[in-house]
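Data block below; observations after.
All heavy atoms count here, side chains included; hydrogens, waters and symmetry mates do not.
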Amino acid sequence: MKSADQPIPLSEVADDAADLIRAFRANGAISFQDVTLAQSRTNYLASCKTNGLPAEEVGSVAAHGYPVDGATASIRLYRPRGVEADDVLPLIVFIHGGGWVLGSLDTHDTLCRHICNATGFALAAIDYRLAPEHKFPVPLNDCRQALQWLAGNAEALRTDVTRVVLVGDSAGGSLATVLANEASQHLDTARILGQVLLYPVTDLSRETPSYQLVKSGFPLTASSMRWFGNHYVPAGLDLADPRLSPLLTAERKQPPLFIVTVGHDPLSDEGIAYAGAAARAGTQVEHHHLPRHAHGLFTSAGKIQTGRELLQLASNFVVGTLS
């Protein structure tokens, strides 16, 4: 049994993830909040490139700009192998993680390529603006405007926005589920038929017991989440705002939900609670909980077999939802 300040023993970490966690601890267990913001962004990109999936060839990749507050943000549109240029495809909209502070189209590029090919559908990855330069609600608004732009340009993009699934990991999962519930009520924007949430942030209003279990020894700890939240949320804002804490309004029927939670994660309890609340409200829920894995499973799927297996299950869910 570990004490409150000791890391979870490696013997309690899944076999396919233990080597990465062992190396992280041997290199000083330096987490996001332990370095400058610029260095943290650099480190996150390097980690995703080193540990992520290999880059698959897809049918095509195109960059598109869309308007945000008088500026231009980016969408990267992937089309899978084996489809014709004129084929109209269902659409996956991917929102990357990184605590609203880190991440980019490049950190999650290989993950997007994999999902695109695995499903056979088009995938649009959103490059929303990051905090602290752009605090809440800017990242959320950027993603909302991206959905509107995709809907308005569906014919030119050869996508079917009456068949859309939103996918997001971590902070991206929070943005995805807020928009999935919002957009499901506004079919003139895009018809959201499902959501895939990979260890999402669902409640910034309080710290659940899993915060106390993951204080050190993993890249994402309780301190990391406080650091991200402080960068993202303007001072004095009510953290019970459902756009920050969607768990607080989760007991209403949502678009079908695929959700993954992991045990060695400060977000574990709130993700489990979110799945339960959605199910009680009558939402179709497919929940996978991995008690011995840690946050970052999917951006480390090049090294962790379980990440690849869960991505296949997520892809199967998307295909079943959009076919």
_Parallel, tilted or perpendicular, as decided by the 30° and 60° cut-offs, for the rings of Phe32 and Tyr44_ = perpendicular

_Within the 3.5 Å criterion, strictly below it, is a donor on Gln33 or Ser223 matched to an acceptor on the partner's side chain?_
no

_Looking only at side-chain N and O atoms, does Gln39 offer a donor or acceptor that is under 3.5 Å from a partner on Asn43?_
yes

*Any side-chain donor paired with an acceptor under 3.5 Å for Glu56 and Asn117?*
yes

*Distance from Leu157 atom CG to Thr159 atom OG1, nearest 0.5 Å?*
5.0 Å

*Could you verify whether a donor N or O on one side chain and an acceptor N or O on the other, from Glu270 and Thr208, lie under 3.5 Å apart?*
no

_Side-chain donor/acceptor of Ser40 to backbone N/O of Thr36, under 3.5 Å_ = no

*Determine yes or no for a side-chain-to-main-chain donor-acceptor pair under 3.5 angstrom, with Asn51 supplying the side chain and Cys48 the backbone.*
no

*Between Asp241 (side chain) and Arg243 (backbone), is there a donor-acceptor pair under 3.5 Å?*
yes

*Per the side chain to side chain contact (heavy atoms under 4.5 Å, CB included) rule, which among Val214, Leu267, Asn230 passes with Met225?*
Leu267

*Single-linkage hydrophobic cluster Ile115~Phe317, side-chain heavy atoms < 4.5 angstrom*: yes

*Would His287 and Phe258 satisfy ring pair (Phe, Tyr, Trp, His ring centres under 6.0 Å), going step by step from the backbone distance to the final call?*
CA-CA 6 Å; His287 179 204; Phe258 179 101; 9.4 Å; no

*Please lay out, stage by stage, how Leu91 and Phe121 fare under the test side-chain contact (heavy atoms from CB on, under 4.5 Å).*
CA-CA 6 Å; Leu91 181 63; Phe121 299 150; over 6 Å; no

_Any side-chain to backbone donor/acceptor pair from Arg292 onto Val13? Under 3.5 Å, distance only._
yes

_Regarding Ser224 and Thr221, do their side chains bring together a donor and an acceptor under 3.5 Å, going by distance alone?_
yes

*On the 0 to 90° scale, with breaks at 30° and 60°, tag the Trp149-Tyr66 ring pair as parallel, tilted or perpendicular.*
tilted

*Give, for atom CD1 of Ile192 and atom CG of Leu147, the distance between the pair rounded to the nearest 0.5 Å.*
5.5 Å

*Between Glu182 and Arg144, does at least one N-O distance fall below 4.0 Å, as a salt bridge requires?*
yes

_Rounded distance [0.5 Å steps], CG in Leu89 versus CG in Leu123_ = 11.0 Å

*Say whether Phe136 and Leu179 are linked into one hydrophobic cluster, either directly or through other cluster members, by side-chain heavy-atom distances under 4.5 angstrom.*
yes

*Do the side chains of Ile95 and Leu130 join up, straight or via other hydrophobic residues, at under 4.5 Å, putting them in one cluster?*
yes

*Do Trp100 and Leu140 have side-chain heavy atoms sitting under 4.5 Å apart?*
no

*Going through the distances and angles, do Tyr78 and Asp109 end up as a side chain to side chain donor-acceptor pair (under 3.5 Å)?*
CA-CA 10 Å; Tyr78 302 81; Asp109 174 70; 2.6 Å; yes

*asked:* Can you confirm whether the side chains of His108 and Asp169 place a donor and an acceptor under 3.5 Å from each other?
replied: yes

*Which heavy-atom pair separates Asp69 from Arg129 by the least distance, and what is that distance?*
OD2-NH2, 2.7 Å

*Exercise: identify the closest heavy-atom pair between Ser245 and Asp203*: OG-OD1, 3.4 Å

*With Arg76 as reference, evaluate Val61, Ile126, Asp127 under the side chain to side chain contact (heavy atoms under 4.5 Å, CB included) test and give the passing residue.*
Val61

*Could you pull out the closest heavy-atom pair between Pro80 and Cys116, with the gap in Å?*
N-SG, 3.3 Å

_Could you go through Val164 and Val93, starting from their C-alpha distance and side-chain angles, then the distance that decides it, and tell me whether this counts as side-chain contact (heavy atoms from CB on, under 4.5 Å)?_
CA-CA 7 Å; Val164 178; Val93 177; 3.9 Å; yes

*pair Arg158-Arg79: side-chain heavy atoms closer than 4.5 Å*: yes

*Are any side-chain N or O atoms of Asn27 and backbone N or O atoms of Phe24, one a donor and one an acceptor, separated by less than 3.5 Å?*
no

*So Arg113 and Glu57, salt bridge (charged side-chain N to carboxylate O under 4.0 Å, His left out) or not? Walk me through it.*
CA-CA 7 Å; Arg113 289 170 179 268; Glu57 289 294 329; 5.2 Å; no

*Can you name the nearest heavy-atom pair linking Thr283 to Pro256, along with the distance?*
CG2-CA, 4.3 Å

*When you look at Leu53 and Leu311, which way does the side-chain contact (heavy atoms from CB on, under 4.5 Å) test go after all the steps?*
CA-CA 11 Å; Leu53 293 162; Leu311 281 173; 3.7 Å; yes

*Between the main-chain N or O of Ala240 and the side-chain N or O of Ser205, is there a donor-acceptor pair closer than 3.5 Å?*
no

*Looking at Ala176 and Leu197, what are the two nearest heavy atoms and their distance?*
CB-CD2, 4.1 Å

_Thr261 side chain to Ser268 side chain, donor-acceptor N/O pair below 3.5 angstrom_ = no

*Under 3.5 Å, is there a donor-acceptor pair between the side chain of Tyr232 and the main chain of Pro139?*
no

*asked:* Quick check for you: to the nearest 0.5 Å, what is the distance between Cys143 atom SG and Gln148 atom CD?
replied: 11.5 Å

_Working to the nearest 0.5 angstrom, can you tell me the gap between Leu247 CG and Glu251 CD?_
8.5 Å

*Quick check: does any side chain N or O of Lys215 sit under 3.5 Å from a backbone N or O of Gln6, one acting as donor and the other as acceptor?*
no

*Only one of Arg308, Glu309, His293 passes side chain to side chain contact (heavy atoms under 4.5 Å, CB included) with Asp16; say which it is.*
His293

*Could you tell me whether the side chains of Asp142 and His134 share a donor-acceptor contact shorter than 3.5 Å?*
no

*What do the steps show when you test Leu102 against Thr107 for side-chain contact (heavy atoms from CB on, under 4.5 Å), and what is the final call?*
CA-CA 9 Å; Leu102 315 175; Thr107 55; over 6 Å; no

_Pair His295-Ser170, side-chain donor/acceptor within less than 3.5 Å_ = yes

*asked:* Could you tell me if Arg25 sits above the aromatic ring of Phe218, with its cationic atom closer than 6.0 Å to the ring centre and no more than 45 degrees from the axis?
replied: yes

*Between Asp87 and Val83, is there a donor-acceptor pair closer than 3.5 Å when you use the side chain of the first and the backbone of the second?*
no

*Under 4.5 Å between any side-chain heavy atoms of Leu198 and Val196, yes or no?*
yes

_Cluster check Leu237, Phe228: I/L/V/M/F/W/Y, side chain < 4.5 angstrom_ = yes

*Just how far is it from atom CD of Gln195 to atom OG1 of Thr177, taken to the nearest 0.5 Å?*
3.5 Å

*Tell me whether Val262 is reachable from Tyr211 by hopping between hydrophobic residues (I, L, V, M, F, W, Y) whose side-chain heavy atoms are closer than 4.5 Å.*
no

*Looking at Arg41 and Glu133, does any basic side-chain N land under 4.0 Å from a carboxylate oxygen?*
yes

*Would you tell me whether Ser104 and Asp106 have side-chain atoms, one donor and one acceptor, within less than 3.5 Å of each other?*
no

*What's the shortest heavy-atom distance between Ala275 and Val285, and which atoms?*
O-CG2, 4.0 Å

_Donor-acceptor pair, distance only, cut-off 3.5 Å: does the side chain of Tyr199 make one with the backbone of Leu297?_
yes

